[in-house]
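Indexing begins at 1, ligand by ligand and atom by atom, following the structure's order. What's counted below: heavy atoms across the whole structure, side chains too, no hydrogens, waters or symmetry copies. Note that the coordinates shown come from a computational prediction; the quantities given were computed from them, not determined experimentally.
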Amino acid sequence: MKDVFCRIIEGELPSTKVYEDSDVLAILDVNPVAKGHCLVMPKAHFQDFLSTPKDIVHKVFDVAQRIGQAEISVLGAKGINILTNVGEKAGQSVPHFHVHVIPRYVAGEGGFQLTMNAIDSSTLDLPVLASTISKGLK
Ligand code: DGP
């Protein structure tokens with residue numbers, strides 16, 4: 001079954017468009033956590049950031065950067081969060097690569113709280129961990 005963003009891209013479902021070109025669509029999030037919360041996505045279907053070809057990733061992030069810049073200049077945002085979730089465990093609910101561009105006006109405002117809760121790293125061998133990740137790079 002087609003995901004909801006594919007259906008929006010194909011015009012089967014409505015959306016509020018912010019930007020469109022032959023490869024990329026940016027729309028307002030239907031459940032915004034801040035005024036101007038945008039979703040930037042490739043028109044072609046890719047499951048997530050990790051499985052999207054680099055040239056498409058670059059195009060999507062180029063638009064995300066420009067929208068972030070516009071939100072600072074024309075909406076008066078004081079900051080921007082750029083977020084892309086990969087997989088359900090990371091909070092991805094729509095299996096179509098997309099980047100959240102979330103303007104921030106007041107620290108802590110709205111439904112988006114960015115907290116980084118450190119795990120107990122005392123049992124981790126950091127050099128081994130770094131080396132393991134390094135060896136996995138393609
Ligand atoms: P994520 O959880 O990272 O997969 O984010 C998915 C976002 O997509 C979530 O913030 C809500 C938004 N969303 C879901 N369905 C629709 C829709 O039909 N239209 C729009 N504009 N946004 C949607």
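Between the side chains of Asn81 and His100, no donor-acceptor pair is found at a separation under 3.5 Å.
Regarding atom 8 (O) of ligand 1, its nearest protein heavy-atom neighbour is Phe5 CZ, 3.4 Å. The protein non-hydrogen atom at the shortest distance from atom 21 (N) of ligand 1 is Leu28 O, 2.9 Å. Closest to atom 1 (P) of ligand 1, if we only count protein heavy atoms, is His98 NE2, 3.2 Å. Residue, atom and distance of the protein heavy atom nearest to atom 4 (O) of ligand 1 are Ser93 N, 2.7 Å. Remark: minimum distance from atom 18 (O) of ligand 1 to any protein heavy atom is reached at Val4 CG2, 3.4 Å. Closest protein heavy atom to atom 22 (N) of ligand 1: Val30 N, 3.2 Å. The nearest protein atom to atom 10 (O) of ligand 1, hydrogens excluded, is given as Asp29 OD2, 2.5 Å; this is a heavy-atom distance.
A salt bridge between Lys59 and Asp23 is present, with a side-chain N of the basic residue lying under 4.0 Å from a carboxylate O of the acidic one. The pair Arg7-Asp3 does not meet the salt-bridge criterion, since no charged nitrogen lies less than 4.0 angstrom from a carboxylate oxygen. A salt bridge between Glu20 and Lys17 is present, with a side-chain N of the basic residue lying under 4.0 Å from a carboxylate O of the acidic one.
Using the six-membered ring where Trp is involved, Phe97 and Phe61 have ring planes that are tilted, between 30° and 60° apart.
Taking distance alone, with nitrogen or oxygen atoms compared against 3.5 Å, Gly91 approaches ligand 1 more closely than that limit. The distance criterion of under 3.5 Å between nitrogen or oxygen atoms is not met by His37 with respect to ligand 1.
At a heavy-atom cutoff of 4.0 Å, ligand 1 is contacted by no atom of Leu13, backbone or side chain.
The 12-atom threshold is exceeded at CD of Glu12, counting heavy atoms of other residues, nucleotides or ligands nearer than 6.0 Å. Around the NZ atom of Lys2, the shell of radius 6.0 Å holds more than 12 heavy atoms that belong to other residues, nucleotides or ligands.
Taking every non-hydrogen atom of Gln92 and a distance limit under 4.0 Å, the qualifying atoms of ligand 1 come out as 4 (O). Listed by number with element, the atoms of ligand 1 under 4.0 angstrom from any heavy atom of Ile8 are 17 (C), 18 (O), 19 (N). Residue Leu39 approaches ligand 1 through these ligand atoms, each under 4.0 Å from one of its heavy atoms: 8 (O), 12 (C), 22 (N).
Evaluation of the ring pair (Phe, Tyr, Trp, His ring centres under 6.0 Å) rule for Phe5 yields His98 as partners, not counting sequence neighbours. Every residue was checked against the side chain to side chain donor-acceptor pair (under 3.5 Å) condition with Thr16, not counting sequence neighbours, and none meets it.
Proximity of Ser15 to ligand 1 is not established, as no heavy-atom distance is less than 4.0 Å.
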